[in-house]
Amino acid sequence: MALKPTIYKFTIMLSDLDRNRFETVNLTVAQHPSETLERMVVRVLAYCDNLSDGIAFGRGLSTIDEPDLWIRTLDGRIEHWIDVGEPSPERIKKASRIANQLSIYSFNAKSPVWWQQDGGALSASGARVLQLDWADVQALAGMVERTLELSLTLTEGSAYFSSDKSECEVNWTVLAS
């Protein structure tokens with residue numbers, strides 16, 4: 001019997017100060033059985049950081065030909081390919097042929113080694129690469145409940161999350177833009 005995803009419901013009061021965007025985002029997110037909670041919260045952060053018309057989650061870890069998130073145009077073309085984790089240069093090269101814009105949200109403890117090995121090839125692809133602080137991501141994952149209301153403020157390389165029970169800040173470094 002196959003394991004089923006765990007469903008999370010988020011209501012996020014988003015204040016994106018860099019883009020002057022303020023709105024409430026309601027998300028239902030399926031956590032794949034093999035996905036860590038940390039990876040799932042980075043997907044939610046990437047969604048909010050790139051919020052625009054046409055943004056959607058991909059089908060998940062089981063579908064290797066799709067990104068974790070994407071922004072599609074009205075005619076179905078992929079405008080923006082967004083990956084979470086440490087994708088291979090080959091995957092990003094393929095994505096660069098079908099999407100106008102690429103973003104990568106790298107987040108775990110092995111991220112610096114991945115960047116050292118593959119950073120040159122990834123920079124050449126034109127991808128925007130963000131390296132999130134691993135301890136910050138773990139703190140954010142610790143806040144998560146199955147149903148959660150959050151306030152999120154995005155500004156200049158950081159995301160400040162607060163709920164009625166806790167708060168944390170997730171910082172990142174731009175490795176390529």
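This structure is a prediction, so every number in the text was calculated from the model and none was measured. Sequential numbering from 1 along the given sequence is applied to the chain's residues.
Val29 has its side chain out of reach of Ile7: every pair of non-hydrogen atoms, C-beta onward, lies at least 4.5 Å apart. Looking only at side-chain heavy atoms (C-beta outward), Asp16 and Phe22 stay at 4.5 Å or farther from each other. Side-chain atoms of Glu167 and Tyr160, non-hydrogen and from C-beta on, do get closer than 4.5 Å to each other. Side-chain contact between Ile104 and Leu130: absent, with no pair of heavy atoms (C-beta onward) separated by less than 4.5 Å. Here the side chains of Leu51 and Glu23 are in contact, with some heavy-atom distance below 4.5 Å. Within the 4.5 Å cutoff, the side chain of Val170 has no heavy atoms near those of the Asp133 side chain.
Remark: Tyr8 OH to Leu27 CG distance equals 14.0 Å, nearest 0.5 Å. With values rounded to the nearest 0.5 angstrom, Ile12 atom CD1 is found 9.0 Å from Leu45 atom CG. Atom OH of Tyr105 and atom CZ of Arg128 lie 4.0 Å apart (nearest 0.5 Å). The structure places CG of Leu152 at 10.0 Å from CE of Met13, a figure rounded to the nearest 0.5 Å.
Side-chain contact, Thr73 with Glu79: no donor N or O sits under 3.5 Å from an acceptor N or O. Between Ser158 and Glu169, the side chains place a donor N or O and an acceptor N or O closer than 3.5 Å (distance only, hydrogens not considered). Asp136 and Asn171 form a side-chain donor-acceptor contact under 3.5 Å, judged by distance and modelled atom types alone. A donor-acceptor contact under 3.5 angstrom links the side chains of Glu86 and Ser106, judged on distance only.
When each of Arg43, Arg39, Arg91 is paired with Asp83, the salt bridge (Lys or Arg N to Asp or Glu O under 4.0 Å) condition holds for Arg91 and for no other.
Linking ILVMFWY side-chain heavy atoms closer than 4.5 Å, directly or via other members, places Leu14 and Leu132 in a single hydrophobic cluster. Residues Val174 and Leu154 share a single hydrophobic cluster, defined by chaining ILVMFWY side chains whose heavy atoms lie under 4.5 Å apart. No path of Ile, Leu, Val, Met, Phe, Trp and Tyr side chains, each step under 4.5 Å between heavy atoms, connects Ile92 with Leu69, placing them in separate hydrophobic clusters. Under the 4.5 Å side-chain contact rule for hydrophobic residues, Trp134 and Trp115 do not share a cluster. By the criterion of side-chain heavy atoms lying less than 4.5 angstrom apart, applied directly or through intervening Ile, Leu, Val, Met, Phe, Trp or Tyr residues, Leu122 is grouped together with Ile98 in one hydrophobic cluster.
Of all non-hydrogen atoms in Met40 and Val144, the two that sit nearest each other are CE-CG1, 4.3 Å.
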